[in-house]
Every structure is written in C-alpha cells, then in structure tokens.
2 protein chains.
Amino acid sequence: MDKNWDEWIQLIADEYGLNLKKDKETEKQKRILEAAIHIFSEKGFEGASTSAIAQRAQVAEATIFKHYRSKKGLLLHLVIPAISKVATPYILRPVLKILDQDRPMKELFQDLYENRIQLVEKNWKKVKIIVVESLFQPELREALQEHVARAIYKVMSERVEQWKEEGRIREDLPTHVIARSILSIGVGYLLAHNVFPDVLAPGERKEEIGWMAEVLLYGIAGPKEKEGHNNPL
Amino acid sequence: MDKNWDEWIQLIADEYGLNLKKDKETEKQKRILEAAIHIFSEKGFEGASTSAIAQRAQVAEATIFKHYRSKKGLLLHLVIPAISKVATPYILRPVLKILDQDRPMKELFQDLYENRIQLVEKNWKKVKIIVVESLFQPELREALQEHVARAIYKVMSERVEQWKEEGRIREDLPTHVIARSILSIGVGYLLAHNVFPDVLAPGERKEEIGWMAEVLLYGIAGPKEKEGHNNPL
DNA sequence: TAAAAAAGTAAGTGATCACTCACTTACATT
DNA sequence: AATGTAAGTGAGTGATCACTTACTTTTTTA
C-alpha cells in the first residue's frame, strides 16, 4: 500500500469517474452495484450487457452511465475498492491477530484458514470477478500483483522468518516456498469447493481445515518414507 | 471415460458439427484453430470476435462458419478434444509409469510434478481457455468435473490407498485430503508462475519442484512443533 | 475428364452492443 | 417559494456482433 498505489487509484478514478468515498450512495446505485456483481460474476465482463444489468437493477440503462460513465467504470467501481481493502488494516488485522498468537502452529493455521476461507466465500462473486478479469486486463493483474500479492507475501514472510528462528518452522526451506505452500493448500480447498464441488470436497469444513493444517505442517509421508528423511530434530 | 462421456460428446458433436476424427484438416482450418486459441485465451470467449480470429488466420470470416457452424462450435472444437485427451491412456500413461515405480516417494513426486507442469505449460493457452470457460459454461464445467476430475481422482486414490498399505503414506489422513494436497501444491506452482510471475516464483524450476515434493511429504513444521506431534513412526 | 463435392469468399443481414441526448423529476439550499 | 443541482429516464445513435446467402474456386471421385 505504497504511494504508487494511491496515485494509480487516482488515475483510474479520474479516468472512470469513481467516487472513492462512497458515503452518498443512492438506493438505485446500490441496486446497480448488486446487479452488476451478480451478472459480471455469472457471465463475465464481456458477456454481461449493460441492458441486462439495468433490467436486474430495475433502473433505466442510462442511469448506469450517469453514475459510472462506462461499463468498465462500473466494473472498476466494484473491483478497485475491493482490492484496496485487502491490503488494508481492517482486513489484515484478523490475520495478524491470528499469526502473532503464541499457540501451537496447527491451531494457528486452522484459525487462519477458517478466517480467510470465510472471507473469500462470503465475497465469492467479487473474488471470481477479480480473479477472472485479472487474467484479461493487464493493468488489473499488475495492480493485484504489485499491491495485494506483494503485501500478503510481506506479512507472511516476516512471520515465517520469525518462526524459523523460533524453531517452529523448518529452517531449510526457502521462505517463498513456505509462503506459497500455505497459500496453495488454502487455494486448493477453495477451488475444490467452489468450482468443482462434490468431487474433491466431501468432508465437513471444520474437519477439512484440520486436515489441511495437518498436511501443511507434517506432510503426507508414512513411516517407511520418514526413515530416511533428514529430520531436523 | 465411461459410456456417458461418449454419448455426451456425440450430442455436442451433432449440435455443433465437430468432426471428431480430425485427419483431414485443411491448411486454413489449422490456421483458424491456432488463431482461435490465441485470441480466445487472450480476450476470453465473449471478448473474442470472429472477425478478429478470421483476420489473424488470414481467411474470410465466412470460412470459419463453413467449418465450425458457430462461434461456440469453434470453441468446442478446441476444447472437447483437449478434454477428451486428458483422461486418455496416451496422456495418462506417463503418470502411471511414474507412480508405479518402486522408488523413494520424493523422486516420484518430483517426476510427477515435472511431467505434468511441462504438459500444462506447453498447452497453457488451451488450459486457460478451458479453466475460464468452465467457470461460465455449466455444461463444460460438469464435463470437466465428471470426466476429468473424477478420472484423475480415481487414478490418484488407487495409488494413495496402495501406498498407505505399504507404509509410504500416512494412514491417518483421508484419501481425498491427500489427493487434493498433491494437486494443490502443483496448482499453486502453476498459478504462481503463470498468473503472478515474479512475486511467488523466484527460483529455478527443478529446484522449486524439489521443494514442492519436500513440503508435500514432510511438511513445514520445525523441530519445536514436531515434538508434540503423533508421529506414526 | 467430366461431374460431384468440398473449400473458400465478398457482400451482405438483422440483432444487439455500449453509449448519448434532450428532457423531466426530486431534493437540498437560501 | 424560488432556484440550482443532482438523480433519473425514454428514445434514440452508429458501430459491431455472429451469422447467411449466393457465388466462385479447388479438389475428389467415378
């Protein structure tokens, strides 16, 4: 969340007429945003038509353009505030609170996964829009990479290195590998449950999350395979 | 790859006029397919226009419709054969060959990741099209889930259960959790490298894959955390 | 080699797209 | 109560969309 981020947002805001302080939102504006989230996430940005959004929001099509200037302006009005929030203290605090507790790592990762999975699933439509659209709009992808991925990585790697010193995490693994592994296990769960349910995701959530933390910390190797392993113990 | 799959393909083939045996492909047909892969993967299905594809393929727009009937027919002509192949002996054999070797698990997973990551990266454009479009086209998603995800899961779970008996994999973890963990680590690498490069993916591939297998098998916990763990040894 | 079939295309088609314009309505300010 | 401003809209606009038709060229077949 450096200065470039704010500058970049201001550029986008000027170009697409975002009002960054959204205190004064009309009833109809709220309906438009809700409809846009629904239809963008269901059809994708290009597949969604402004007339369909207007119809769902029960407003005239012209009203959309009055407030958001263009279809892309409408998209960014949904996406930019959401992205901004992610690296924000408000969203990041629960993570820090969890990570900085002096408890067994397993409980800690369970809480972390529980917390972030809830957050993603509650905002699944927006997340889907952001992820898909970042595949096609380079500026969005760069913003996500530079300001969200980097911020998350920073928080994670700080903790990882501290844990290494305390002997709670293996010292022989590169920090970026550990950070990516933590994320991979979580993303894998989300993909399995939200994109291909029923196949890779049969269990209860609480229990599943327990297994995730278990695998992350102790791996899947059985006794036969562990014999030869250079255990740091 | 059961009977329903073949029936489903036949239905789609009839509706969209796919010729499932693509022995007789014209020079121009190849150019159209190449152009379609390029433009679909860059702009998405809805964002791609048939005129742009025709232009890139250096053919008249009508030629596309002569061969593929509709835009969606063109998409499915790319996507269905690719999906069909995945659960096919030709594509699956290398996996079985790797998994059924009597070698240390770590070497085995390294080879598995190496092999599959190469396959995905070589076909990255097609993979991107299939993944994104399956988010928006329910029939495509169901086909992927029913026939690819299930097939992969079957192969994986058979091996996992065998390994459990041999003591090479922990017996206390549910099979689906192990299968998903193996996939998650691989998918995490692919996402990091192909969607957000430069941030989570700084190392050499060979080395990275080594770390992936290491984490998968032995976890990230340090000596302090391992003390209390119910090690199956 | 003549006829049939397939490949290929130029020039359209109506439908739908994002977006604008001219205008009315609602509301806050003084 | 008058006035300025923002909210909201019906009826368009040209551009572009996927797709068709009527036709020519190339290849295959008998």
Side-chain angles (χ1 to χ4, degrees), chain A residues 13 15-40 42-79 129 133 136-137, chain B residues 12-40 42-79 129 133 136-137:
Chain A
E15 189 170 352
Y16 294 99
L18 315 196
N19 65 330
L20 294 173
K21 43 205 177 306
K22 57 169 177 178
D23 20 71
K24 283 185 288 183
E25 264 187 344
T26 318
E27 182 59 36
K28 300 205 172 183
Q29 286 189 52
K30 284 180 198 161
R31 289 216 308 269
I32 291 170
L33 289 176
E34 184 282 329
I37 291 171
H38 183 84
I39 291 183
F40 281 150
E42 210 164 61
K43 310 248 185 185
F45 177 72
E46 297 285 353
S49 75
T50 49
S51 71
I53 293 169
Q55 205 169 4
R56 183 172 222 271
Q58 300 268 47
V59 298
E61 208 178 336
T63 309
I64 293 175
F65 292 92
K66 181 71 115 190
H67 290 297
Y68 307 106
R69 297 239 273 258
S70 67
K71 191 183 169 188
K72 197 168 177 187
L74 174 57
L75 173 74
L76 293 177
H77 215 282
L78 300 173
V79 152
I129 294 170
E133 250 26 78
F136 298 116
Q137 314 214 14
Chain B
I12 299 285
D14 290 347
E15 189 171 351
Y16 294 99
L18 315 195
N19 65 331
L20 294 173
K21 43 205 178 306
K22 57 168 179 179
D23 19 73
K24 282 185 291 184
E25 263 188 346
T26 317
E27 181 59 36
K28 299 205 173 186
Q29 286 189 52
K30 284 180 199 160
R31 289 217 307 269
I32 291 170
L33 289 177
E34 184 282 328
I37 290 171
H38 183 84
I39 290 183
F40 281 150
E42 208 163 63
K43 310 248 186 184
F45 177 73
E46 296 286 353
S49 74
T50 49
S51 72
I53 293 169
Q55 203 169 4
R56 183 173 223 271
Q58 300 268 49
V59 297
E61 207 177 336
T63 308
I64 293 175
F65 292 92
K66 184 71 119 192
H67 290 296
Y68 306 105
R69 296 239 274 259
S70 66
K71 190 183 168 188
K72 197 169 176 184
L74 174 57
L75 173 74
L76 292 176
H77 216 281
L78 300 173
V79 152
I129 294 170
E133 250 24 80
F136 298 116
Q137 314 213 15

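Each chain gets a letter, A, B and so on, in the order the sequences are listed, and its residues count up from 1. Values below: all heavy atoms of this structure, side chains included; hydrogens, waters and symmetry mates excluded.
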Open item on the list: Just to be sure I understand the rule, does A54(B) reach a base, reach only the sugar-phosphate, or reach nothing, if contact means heavy atoms closer than 4.0 Å?
Closed with: nothing

Open item on the list: Taking any heavy-atom pair under 4.0 Å as a contact, classify A52(B): base, sugar-phosphate, or nothing.
Closed with: nothing

Task: Set of salt bridge (Lys or Arg N to Asp or Glu O under 4.0 Å) partners for K30(B), sequence neighbours left out - done: none

TODO: For A52(B), check side-chain contact (heavy atoms from CB on, under 4.5 Å) against everything at least two apart and list the hits.
DONE: I39(B), S49(B)

Open item on the list: Could you tell me how far apart E27(B) (CD) and dT27(D) (P) are, to the nearest whole angstrom?
Closed with: 12 Å

Task: Partners meeting side-chain contact (heavy atoms from CB on, under 4.5 Å) with A57(A) (sequence neighbours left out) - done: R31(A), I32(A), A35(A), V59(A)

Open item on the list: Rounded to whole Å, please give me the gap between CD1 in I32(B) and C1' in dA18(D).
Closed with: 15 Å

TODO: Write down the distance between CZ (R69(A)) and C1' (dA6(D)), rounded to a whole number of angstrom.
DONE: 16 Å

Task: Within residues 59-68 of chain B: residues closer than 4.0 Å to DNA chain C (heavy atoms) - done: V59(B), A60(B), A62(B), T63(B), K66(B), H67(B)

- [ ] Please name all residues satisfying side-chain hydrogen bond (donor to acceptor under 3.5 Å, both in side chains) with T63(B), sequence neighbours left out, ordered by chain then number.
- [x] none

- [ ] Mind checking the CD-CD spacing from Q58(B) to E27(B)? Nearest 0.5 Å is all I need.
- [x] 12.0 Å

- [ ] Kindly state each residue pair satisfying salt bridge (charged side-chain N to carboxylate O under 4.0 Å, His left out) with at least one member in residues 62-71 of chain B, sequence neighbours excluded.
- [x] none

Open item on the list: Which residues pass the salt bridge (Lys or Arg N to Asp or Glu O under 4.0 Å) test with E34(B), not counting sequence neighbours?
Closed with: R56(B)

TODO: Ignoring backbone atoms, test whether K72(B) places a side-chain nitrogen or oxygen under 4.0 Å from the OP1 or OP2 oxygen of dA18(D).
DONE: no

- [ ] For DNA chain C, note the earliest and the latest nucleotide, 5' to 3', having some atom under 4.0 Å of a heavy atom belonging to chain B.
- [x] dA7(C) to dA10(C)

Task: Residue pairs passing the ring-ring contact (aromatic ring centres under 6.0 Å, His included) test where at least one lies in residues 43-72 of chain B, sequence neighbours excluded - done: F40(B)-F45(B), Y68(B)-H77(B)

